[in-house]
Amino acid sequence: MVRRVPENPSLEGLEQKWDAVWERDGTYRFDRTKTRDEIFAIDTPPPTVSGSLHMGSAFGYVQTDAHARYRRMSGREVFYPMGWDDNGLPTERRVQNYYGVRCDPSLPYDPDFTPPDEPFDPPKSISRQNFIELCHHLTEEDEKQFEQTWRALGLSVDWTQTYATIDDHSRRTSQKAFLANLARGEAYSAEAPVLWDIDFRSAVAQAELEDRERQGATHRIAFARTDGGDVVIETTRPELICSCVALVAHPDDERYADLFGQTVRTPVFGVEVPVVAHHLAEPDKGTGIAMICTFGDLNDVTWWRELQLPTRAVIQPDGRFQTETPEWLSHAADAYARLAGLFSNQARKEMVEMLTESGELKEEPKPITHPVKFYEKGERPLEIVTSRQWYIRNGARDEELKKELLARGDELHWVPDFMAVRYKHWVDGLTGDWLISRQRFFGVPIPIWYPIGDDGVVDYDNPLTPDEDQLPVDPTSQPPPGYDESMRGKPGGFVGEADIMDTWATSSLTPQIAGHWVDDPDLWERVFPMDIRPQGPEIIRTWLFSTVVRSHYEHGILPWHTTTINGWILDPDRKKMSKSRGNVITPQGTIQEFGPDAVRYWACHARPGVDTALDTGVMRIGRRLAIKVLNASRFVLGFADDVDPSAVSEPVDRAMLAGLADVVEAATTSFEAFDYSRALEIAEQSFWEWTDDYVELVKGRAYGVGDAARSAHAALQLALGVYQRLFAPFLPFVTEEVWSWWRDGSVHRQPWPSVTELGGLTGDVSVLTDATQVLAEVRRVKSEAKVSMRAEVSELEISADPGAIERIRSVEADLLEATRAPGITYSEGEFAVRAVLAPQV
RNA sequence: GGGCGGUUAGCUCAGCCCGGCUAGAGCGCUCGCCUCACACGCGAGAGGUCACUGGUUCAAGUCCAGUACCGCCCACCA
């Protein structure tokens, strides 16, 4: 083809130019005619679509993309879909704030409702269906933004293979998998105490908990003994005295031995409760005897369950103490009335006042800082509320299953390998089955109805299920098979499950969603199990584990062969507090400032799985590299059109190609081991040496004519073609640009460089290393003399062993030209170079 | 309380698995150079008790034990 090398090449505009071309040409389109072993399938993480992307996201995705590009060039057809995780609480919360709305499922659908330009103030209540429509509306906008950012970063995703975790296909897949779990007994519902977020009014799973340090206080409170004395307990939650069902101490604790089997009276309310023994009670904590309430913490739940204590709950799903006086407090209605309707923290103050008045608070509360359980997205401490929920068995209560899931973790190839222990520890430490139901609105409905007996009682133990061709189904608006909508809520009829599934219950099926398990068996067979699951370390316990669980149940295999866990991005300001830039660093802004290839360089510069500082300095280096690729390409392509590789005859040219072959081999080995950063480092180091040493050495000869010049041209072009491809996974924009100057087709669909393609043209590498040493020595002399590199050398003496002398002689003409010396005097001996500069004019 | 990762030049990081010449890179800094691809460049240079304490070894940044600090994850809120 005709070469078109621009006069002043620049990085500006490459992003838009090539994104458009790749889209037009379908460069990254997946070819589904390929077979499983020709395909490299990636289970891409669907980013949470609720606001803007963080630099941390860009970091991991770029690393994966570099690997994807390598696989594509080395002959695999890459299945590289992209999903959007838009279902779930983050979206709901964003919609609430963005439009100023609240969902009230009791309201009827308003078909004329339109999204407001300004948020409603105060917030407006809207129906469930209207709320869901707003969620769809907003996420669609966000997803366009996200796609733009990914494209700007050059992710080689097949943009025809996208999904959203709330779309029909995902809902169908999720519901089908759930029903399969249900049919096999892996999913079940149960009425039990669960951790509950009072603001979201929803149950929360173990994986979504986090501890936060909070100010609290320990209160020493006296319970009255029947023999007239008292027993003092310590608690941080005195407001729960009204829920107290027992006191507990360790069976071996002699201080309380005489109390076991006796009863005591609660302060203020005077409720008689037993004193019991349990090994979980710790003599060292507090006074060694604790009150058991229903429920203050997970310990209470354990004690309550194991000691079969009564339930005396007062906290409602909205977090308030129930307004009605509980029957067990009917004799103390006045006291309870002071707590009715309050939140825990308000009730605590009130209770302390009552205890102070009654003299049962033994001393001033002592302030402490202690860990309190929060929903990771929540704002107030979790309460424990009893309710009916859906679970999927995860091995927490089944040793055999736990062993199988641990074995899956061992079977999985972890990159880096130390991440595997996080999985192991999580599975080992599970305390309960996976709670998947949420009392929310924007999510995949649990596809279940319950029959109502003729007596009007709902039968939760015999749920009704949809037919598969009905999926996706919404049980709150559609009737179950065999029923009519008019029978909803009536005796002899049915009631639909109002709960939805947690996001993870759907995103644990990303391989099945992206691979179209439910509706495209042909595709499914070609991509599953997938090759890699790239993801962040913080969601090993959630996304990775739950995906393994679902695949284990449904397919009896691991969902992927390898998982690559990216590192964490460290905020640069955390260490440099003095330098406050005031600007939030966004991917879009950074791409604009440094260019996409530079941002990618930064991400790929970080070792796999290693936490990395956000460092714009590294991006500048990446930008410099991209510019160098541009200029070196311009230089090389300025010489004669395609010279036959067989023209490479000069020993130093063959030496260079031999070194390059080693580089190609090392980079390939690194990529095969998922070490994109090593591959980049190797290519980069070699490239700079190539431009600074080899190119400078042969430049003079290349400007000439004849066989020697043709040898340089051929070698330069061969090397350039290799470097352009070596950098393609990292710097897709600039490499595509320079490739287009002299070659047809996308560089990203070219074969990865191989040693065999240079095989017959290589020589003795040390010819180049020896010549470089001489060149460096002369440069040093000139630099110390503070003269130009063009300054003439009047004498050049080289002392070396006979072999080296022979090698240097073979490149003498190039050396004389590069050093501007008239000739070289050789002598045998230790390697030494003596250069005398000609008198300066 | 348990676990994982980290601590190497002013800064950002390689090197550690498989111990071995004066410990590397880039940025920054210093001194130079408009050399016909590139001044968004090129050349040269200074700069490190490899966190600390012991141990193994002819030899330790590298292996072992422990300590300190940083980050992350987990843990029953008395």
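What you see is a predicted model, and the numbers here were worked out from it, not measured in a lab. Just so we're on the same page: letters track the sequence lines, and every chain starts at 1.
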Legend entry - Atom-to-atom span, CG of Leu680(A) to P of rA14(B) - whole angstrom: 13 Å

Inset, instruction - Please report, rounded to the nearest Å, how far the C1' atom of rC77(B) is from the CG atom of Leu240(A). - result: 11 Å

Inset, instruction - In whole angstrom, give me the gap between the P atoms of rC17(B) and rA65(B). - result: 14 Å

Inset, instruction - Could you tell me which nucleotide pairs with rG26(B) by Watson-Crick or G-U wobble geometry, both distances under 3.5 Å, or answer none if nothing does? - result: rC11(B)

Legend entry - Closest nucleotide among rC76(B), rC38(B), rC13(B) to the Ala613(A) side chain: rC13(B)

Inset, instruction - Walk me through it: do Arg541(A) and Glu538(A) pass the test salt bridge (Lys or Arg N to Asp or Glu O under 4.0 Å)? - result: CA-CA 7 Å; Arg541(A) 62 178 175 157; Glu538(A) 77 284 9; over 6 Å; no

Inset, instruction - State whether Trp602(A) and Arg620(A) meet the cation-pi test: NZ (Lys) or CZ (Arg) under 6.0 Å from the six-membered ring centroid, and within 45° of the perpendicular axis. - result: no

Inset, instruction - Identify the nucleotide, in any strand shown, that forms a Watson-Crick or G-U wobble pair with rC16(B), with both distances under 3.5 Å; if there is none, say none. - result: none

Legend entry - Protein-nucleotide distance (Ile682(A), atom CD1; rG15(B), atom P), rounded to Å: 11 Å

Legend entry - Opposite nucleotide pairing with rC69(B), Watson-Crick or G-U, both atom distances under 3.5 Å: rG6(B)

Legend entry - Separation of the C1' atoms in rC72(B) and rU56(B), to the nearest angstrom: 33 Å

Inset, instruction - May I ask you to check whether over 12 heavy atoms, not counting those of Gln685(A), lie within 6.0 Å of atom CD? - result: no

Inset, instruction - Would you mind pulling out the nucleotide paired to rC42(B), Watson-Crick or G-U wobble, both distances under 3.5 Å? - result: rG32(B)

Legend entry - Inter-nucleotide P distance (rC38(B), rA23(B)), Å rounded: 39 Å

Legend entry - Lys424(A)/Asp410(A) ion pair, N-O < 4.0 Å: no

Legend entry - Side chain of Val618(A) (C-beta onward), nearest among rC77(B), rU35(B), rU12(B): rU12(B)

Inset, instruction - Map Ile368(A) and Trp426(A) onto RNA chain B by nearest heavy atom, then report which one ends up closer to the 5' terminus. - result: Trp426(A)

Inset, instruction - Flag yes if more than 12 heavy atoms outside Glu363(A) fall under 6.0 Å of its CD atom; otherwise flag no. - result: yes

Inset, instruction - Assess the pair Phe727(A) and Phe687(A): is the distance between their ring centroids shorter than 6.0 Å? - result: yes

Inset, instruction - In whole angstrom, give me the gap between the P atoms of rC29(B) and rG20(B). - result: 35 Å

Legend entry - Any residue meeting salt bridge (charged side-chain N to carboxylate O under 4.0 Å, His left out) with Glu210(A), in chain and number order, not counting sequence neighbours: Arg212(A)

Inset, instruction - Sticking with atom C1', work out how far rG48(B) lies from rA14(B), rounded to a whole angstrom. - result: 15 Å

Inset, instruction - Report the distance from atom CG of Leu195(A) to atom P of rA75(B), rounded to the nearest whole Å. - result: 11 Å

Inset, instruction - For rG61(B) versus rC50(B), give the span between their P atoms, rounded off to a whole number of Å. - result: 7 Å

Legend entry - Given rG15(B), rU12(B), rC77(B), the nucleotide with the shortest approach to the side chain of Asp615(A): rU12(B)

Inset, instruction - Grab the CZ-P distance between Arg212(A) and rC74(B) for me, whole Å please. - result: 13 Å

Set out, line by line, the N/O atom pairs under 3.5 Å between protein and nucleotides 41-43 of chain B.
{"from": "rG41(B)", "atom 1": "O3'", "to": "Lys628(A)", "atom 2": "NZ", "distance (Å)": "3.3"}
{"from": "rC42(B)", "atom 1": "OP1", "to": "Lys628(A)", "atom 2": "NZ", "distance (Å)": "2.7"}
{"from": "rG43(B)", "atom 1": "OP1", "to": "Asp692(A)", "atom 2": "OD2", "distance (Å)": "3.4"}
{"from": "rG43(B)", "atom 1": "N2", "to": "Ser783(A)", "atom 2": "OG", "distance (Å)": "3.0"}
{"from": "rG43(B)", "atom 1": "N3", "to": "Ser783(A)", "atom 2": "OG", "distance (Å)": "3.1"}

Inset, instruction - Find the distance Ile569(A):CD1 to rC13(B):C1' and express it as a whole number of Å. - result: 14 Å

Legend entry - Row check, Phe635(A) ring normal vs Lys699(A) NZ/CZ: under 6.0 Å, within 45°: yes

Inset, instruction - May I ask you to decide whether Asp653(A) forms a salt bridge with Arg701(A), counting only side-chain N to carboxylate O separations under 4.0 Å? - result: yes

Inset, instruction - Looking only at non-hydrogen atoms, find the nearest pair between Ala702(A) and Phe639(A) and report the distance. - result: O-CE2, 3.4 Å

Legend entry - N/O (side chain, Gln206(A)) to phosphate O (OP1/OP2, rA75(B)) under 4.0 Å: yes

Inset, instruction - Could you give the distance separating rC27(B) and rA44(B) at their P atoms, to the nearest angstrom? - result: 13 Å

Legend entry - Between rA14(B) (C1') and Asp675(A) (CG): distance, integer Å: 11 Å

Inset, instruction - With the side chain of Asn299(A) defined as its heavy atoms from C-beta on, choose the nearest nucleotide among rC38(B), rG15(B), rC76(B). - result: rC76(B)

Legend entry - Flag side-chain contact, heavy atom, 4.5 Å: Cys293(A) against Arg237(A): no

Enumerate the protein-to-nucleotides 2-7 of chain B contacts in which both atoms are nitrogen or oxygen and the separation is below 3.5 Å.
{"from": "rG3(B)", "atom 1": "O2'", "to": "His425(A)", "atom 2": "ND1", "distance (Å)": "3.1"}

Legend entry - Lys/Arg N to Asp/Glu carboxylate O, Arg220(A) vs Glu360(A), below 4.0 Å: no

Legend entry - Interatomic distance where NZ belongs to Lys786(A) and P belongs to rA44(B) [whole Å]: 15 Å

Legend entry - rC50(B): pairing nucleotide in any strand, Watson-Crick or G-U under 3.5 angstrom: none

Inset, instruction - Would you classify Arg820(A) as touching base, sugar-phosphate or nothing, given that sugar-phosphate means primed atoms plus P, OP1 and OP2, and contacts are heavy atoms under 4.0 Å? - result: nothing

Inset, instruction - Tell me the partner of rC63(B), counting only Watson-Crick (N1-N3 plus N6-O4 or O6-N4) or G-U wobble (N1-O2 and O6-N3) with both under 3.5 Å; none if nothing fits. - result: rG55(B)

Inset, instruction - Could you please name the option among rC38(B), rG26(B), rA75(B) that lies closest to any side-chain atom of Ile621(A)? - result: rG26(B)

Legend entry - Gap in Å between the two P atoms, one belonging to rG10(B) and one to rG3(B), rounded: 34 Å

